[in-house]
Amino acid sequence: MNIIETNLKFGALYTRKSTKRAILHHAEASKCTAEDIHHWHKQNGWSGAGYHFLVRKDGSIYRLRPEWAVGAHAKGSNSDSIGICFEGSYMTETMPQAQINAGRELLSWLKGKYGFSKVQAHRDVCQTNCPGTNFPFTEIAGVAASNTPVNSTPAPTPTPAPSGPSYRTGTVYTLLADHLRVRTGPGTGYATKSRKQLTVNAREHAYSNGTLKKGTRVTCKDVRKVGSDIWIKIPSGWIAAYYGGKKYVG
């Protein structure tokens, strides 16, 4: 098994005194890098990425928060757990086999290293649907412990992403997609707002779950770039204007 070292820069961290379990998450983002997660979590005011590992769809495994440190991934359960995040949005997506295999291998190694057998989903310890109804939890969590040798390699140099469209504050735009989520901050790491949390005007153009309807006109109040994605702030919160190479606001 190979773990890619990211050498991310963190704020203050605290040593975890025991490791009794692993907690599994999904990123709720179809595509994301270790740097994306680190950035999102720093925007939450945290020391940096709250998870200890990221398992990407291609089967590559990245180290995020140092393994010895207390995580910031499951409120009330961080003091004795390792947090593992899987790239993807598994309320709707299906996990590739390469990612399943890598998750099993990582968990097997961690079980052997720390001597625990307990593996939980984020939803088991917090009020959330993470890691999603399509997440293959039993297949990944049920792996036996092993003493698999581990290699570490430096993170590859990322290829610059295309800049995407430009957005300006004060401009009125139209939503090009249906069911666009409104979040509390610029990125999928932030909470989704409910319909009652939207402005009165936005509620008139929203579905019962708070997502906005295609064709809704919105005024841009601020613009943030997160990795290769672009988020704009509207009166009700933040929406993805350009995400995963696709334009949602124009």
Side-chain angles (χ1 to χ4, degrees), residues 1 3 6 8 10 13-30 32 34 36-38 40-41 44 46-57 59-148 150 187-192:
M1 184 178 70
I3 296 175
T6 53
L8 300 171
F10 287 83
L13 296 173
Y14 302 93
T15 301
R16 190 176 61 258
K17 295 181 179 180
S18 63
T19 305
K20 299 178 180 179
R21 53 182 164 162
I23 299 176
L24 310 187
H25 307 255
H26 70 158
E28 203 182 350
S30 184
C32 63
D36 287 335
I37 291 173
H38 191 57
W40 297 336
H41 288 189
N44 286 347
W46 303 347
S47 298
Y51 313 115
H52 296 91
F53 296 96
L54 169 66
V55 182
R56 299 205 63 184
K57 289 181 176 179
S60 55
I61 301 171
Y62 289 77
R63 191 184 302 281
L64 300 180
R65 183 168 291 224
E67 202 175 316
W68 54 264
V70 175
H73 56 92
K75 188 175 181 180
S77 300
N78 292 312
S79 63
D80 63 358
S81 66
I82 292 276
I84 304 172
C85 179
F86 289 74
E87 178 187 28
S89 185
Y90 292 114
M91 286 299 292
T92 56
E93 295 183 274
T94 300
M95 187 177 291
Q97 191 61 48
Q99 190 176 22
I100 293 173
N101 294 344
R104 284 173 55 84
E105 193 171 16
L106 175 60
L107 258 181
S108 177
W109 172 68
L110 289 171
K111 285 180 177 182
K113 179 176 181 178
Y114 291 102
F116 67 78
S117 59
K118 188 175 186 178
V119 181
Q120 295 174 293
H122 188 193
R123 60 177 171 256
D124 295 330
V125 296
C126 295
Q127 289 210 330
T128 176
N129 58 25
C130 177
T133 53
N134 291 346
F135 189 93
F137 180 81
T138 301
E139 186 175 357
I140 294 173
V143 68
S146 73
N147 295 312
T148 305
V150 174
T188 56
Y190 289 91
T192 301

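The model shown is predicted, which means the values in this text are computed figures rather than measured ones.
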S.K.: Are any side-chain N or O atoms of Thr6 and backbone N or O atoms of Arg63, one a donor and one an acceptor, separated by less than 3.5 Å?
M.R.: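 Yes, Thr6 side chain to Arg63 backbone: donor-acceptor pair under 3.5 Å.
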
S.K.: Say you draw a straight line from CG of Leu106 to CD1 of Ile3; how long is it, rounded to the nearest 0.5 Å?
M.R.: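 One gets 6.0 Å once the value is rounded to the nearest 0.5 Å.
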
S.K.: Starting at CH2 of Trp46, measure out to CG of Leu13 and round the result to the nearest 0.5 Å.
M.R.: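 Here the interatomic distance stands at 13.5 Å.
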
S.K.: I need the minimum non-hydrogen distance between Tyr51 and Cys85, along with the two atoms involved.
M.R.: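 Minimum heavy-atom separation between Tyr51 and Cys85: CD1-CB, 3.4 Å.
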
S.K.: Indicate yes or no: at least one non-hydrogen side-chain atom of Asp124 is less than 4.5 angstrom from one of Ile23.
M.R.: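 No, every pair of side-chain atoms sits at 4.5 Å or beyond.
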
S.K.: Can you tell me if Ser81 uses its side chain to pair, donor with acceptor, with the backbone of Ser77 under 3.5 Å?
M.R.: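 Yes.
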
S.K.: What's the separation between atom CG in Leu54 and atom OH in Tyr62, rounded to the nearest 0.5 Å?
M.R.: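 Going from the CG atom of Leu54 to the OH atom of Tyr62 covers 8.0 Å.
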
S.K.: Short question: side chain of Arg56, backbone of Ile61 - any donor-acceptor pair under 3.5 Å?
M.R.: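 Not confirmed, Arg56 side chain does not pair with Ile61 backbone.
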
S.K.: Side chains of Asn101 and Gln97: any donor to acceptor distance under 3.5 Å?
M.R.: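 Judged by distance alone, the side chains do pair up.
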
S.K.: Taking Ser108 for its side chain and Ser146 for its backbone only, find out whether a donor-acceptor pair lies under 3.5 Å.
M.R.: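 Looks like yes, one N/O pair under 3.5 Å.
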
S.K.: Tell me the closest heavy-atom pair linking Gly187 and Trp40, and the distance in Å.
M.R.: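 Of all heavy-atom pairs spanning Gly187 and Trp40, the closest is CA-NE1, 4.2 Å.
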
S.K.: So, for Ala121 and Phe137, which heavy atoms are closest and what is the spacing to 0.1 Å?
M.R.: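 For Ala121 versus Phe137, the nearest heavy atoms are N-CE1, 3.5 Å.
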
S.K.: Given 3.5 Å as the limit, does a donor-acceptor pair link the side chain of Asn134 with the main chain of Glu93, or not?
M.R.: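 A pair under 3.5 Å: yes.
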
S.K.: Mind checking whether Glu67 and Phe53 have side chains closer than 4.5 Å, heavy atoms only?
M.R.: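 A side-chain contact exists here, since the closest heavy-atom pair is under 4.5 Å.
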
S.K.: Is there a donor-acceptor contact under 3.5 Å from the side chain of Gln99 to the main chain of Val55?
M.R.: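 Yes; at least one donor-acceptor contact below 3.5 Å.
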
S.K.: Going from NE2 on His122 to CD on Gln120, what distance comes out if it is rounded to the nearest 0.5 angstrom?
M.R.: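 So the NE2 of His122 and the CD of Gln120 are separated by 10.5 Å.
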
S.K.: Which heavy atom in His52 sits nearest to a heavy atom in Val70, and how many Å separate them?
M.R.: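 Taking every non-hydrogen atom into account, NE2-C, 4.3 Å.
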
S.K.: So, for Ala22 and Ile84, which heavy atoms are closest and what is the spacing to 0.1 Å?
M.R.: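 So the two residues come closest at CB-CD1, 4.5 Å.
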
S.K.: Please round to the nearest 0.5 Å and tell me the distance separating atom OG1 of Thr133 and atom CE of Met91.
M.R.: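 Spacing of OG1 (Thr133) from CE (Met91) equals 4.0 Å.
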
S.K.: Please report whether the ring centroid of His25 lies less than 6.0 Å from that of His73.
M.R.: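 Close enough - the centres of the two rings lie under 6.0 Å apart.
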
S.K.: Does the Lys111 side chain pair with the main chain of Val119, one donor and one acceptor, at a distance under 3.5 Å?
M.R.: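 Here the side-chain-to-backbone pair does not exist.
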
S.K.: Just wondering, are more than 12 heavy atoms of other shown residues or ligands nearer than 6.0 Å to CD in Gln127?
M.R.: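 No, not enclosed.
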
S.K.: Ring centroids only, cut at 6.0 angstrom: are Phe135 and Phe86 within range, meaning strictly under it?
M.R.: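 That pair passes the under 6.0 Å test.
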
S.K.: Main chain of Cys130, side chain of Glu28: is a donor-acceptor contact present, judged purely on distance under 3.5 Å?
M.R.: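 Checking the backbone N and O of Cys130 against the side chain of Glu28, no donor-acceptor pair under 3.5 Å is found.
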
S.K.: Test Asn147 against Trp109 for side chain to side chain contact (heavy atoms under 4.5 Å, CB included), laying out the working first.
M.R.: CA-CA 6 Å; Asn147 295 312; Trp109 172 68; over 6 Å; no

S.K.: Just how far is it from atom SG of Cys32 to atom NE2 of His26, taken to the nearest 0.5 Å?
M.R.: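 Atom-to-atom, Cys32:SG and His26:NE2 are 10.5 Å apart.
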
S.K.: One pair to check against side chain to side chain contact (heavy atoms under 4.5 Å, CB included): Met95 and Ile100. What are the steps and the verdict?
M.R.: CA-CA 7 Å; Met95 187 177 291; Ile100 293 173; 3.5 Å; yes

S.K.: Would you call Arg16 and Asp80 a salt bridge, using N to O less than 4.0 angstrom?
M.R.: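 Asp80 and Arg16: not salt-bridged.
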
S.K.: Quick one: closest heavy-atom pair of Gly48 and His41, and the distance?
M.R.: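 Scanning both residues completely, I find the closest heavy atoms to be O-CB, 3.4 Å.
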
